[in-house]
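One structure is given below, encoded as structure tokens.
Since the structure is predicted, the reported quantities are computational estimates derived from the model, not experimental observations.
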Amino acid sequence: MAFRPLGDRVLVRRVEEEEKTRGGIIIPDTAKEKPQEGEVIAVGPGARDENGKVQALDVKAGDRILFGKWSGTEVKLEGQDLLIMKESDILGVLEPEAARAAA
């Protein structure tokens, strides 16, 4: 993708939730809330502090994250619905299953 976020901004693709409940009931699109989980596609270089030094971001491309319900700005790039948000809008990074099992 030919897009690079600036500053402490992050480009995120929402991770779609299951369309069925555990009981097998199919949830229509109109009844679904937008997921608050996503995958980081690209990150900016980081924010500058008072001295002009760049502070690197804690997230990187490929991380799965949780973010606030009203976080980010929705954009459409190359036919994909994506979000651009500040790193401060990210609530946390989800660890992969393998990392949790080893801990």
[X] versus [Y]: any side-chain heavy-atom pair under 4.5 Å?
X: Leu66; Y: Leu94; value: yes
X: Glu74; Y: Arg14; value: yes
X: Phe67; Y: Leu83; value: yes
X: Phe3; Y: Ile84; value: yes
X: Val59; Y: Val93; value: yes
X: Lys86; Y: Val10; value: no

Straight-line distance of [X] [atom1] to [Y] [atom2], nearest 0.5 Å:
X: Asp89; Y: Thr73; atom1: CG; atom2: OG1; value: 8.5 Å
X: Ile90; Y: Ser71; atom1: CD1; atom2: OG; value: 8.5 Å
X: Glu87; Y: Gln55; atom1: CD; atom2: CD; value: 10.5 Å

Considering all heavy atoms, the nearest Arg13-Gln80 contact:
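Nearest pair, atom of Arg13 first, then Gln80: NE-OE1, 3.2 Å.
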Do you know which two heavy atoms are closest between Leu57 and Gly44, and how far apart they sit?
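The pair with the smallest heavy-atom distance is CD1-O, 3.5 Å.
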Ala42: side-chain contact (heavy atoms from CB on, under 4.5 Å) partners, not counting sequence neighbours:
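Scan of Ala42 (side-chain contact (heavy atoms from CB on, under 4.5 Å), adjacent residues dropped) gives Pro5, Leu11.
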Can you check salt bridge (charged side-chain N to carboxylate O under 4.0 Å, His left out) on Arg64 and Glu39, steps first, answer last?
CA-CA 5 Å; Arg64 286 182 67 107; Glu39 178 185 356; 5.9 Å; no
Please, which pairs that meet salt bridge (charged side-chain N to carboxylate O under 4.0 Å, His left out) have at least one residue in residues 47-63, sequence neighbours excluded?
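Sorted pair list: Lys60-Asp63.
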Between Ile65 and Glu37, is the side chain to side chain contact (heavy atoms under 4.5 Å, CB included) condition met? List the steps.
CA-CA 6 Å; Ile65 59 167; Glu37 184 177 331; over 6 Å; no
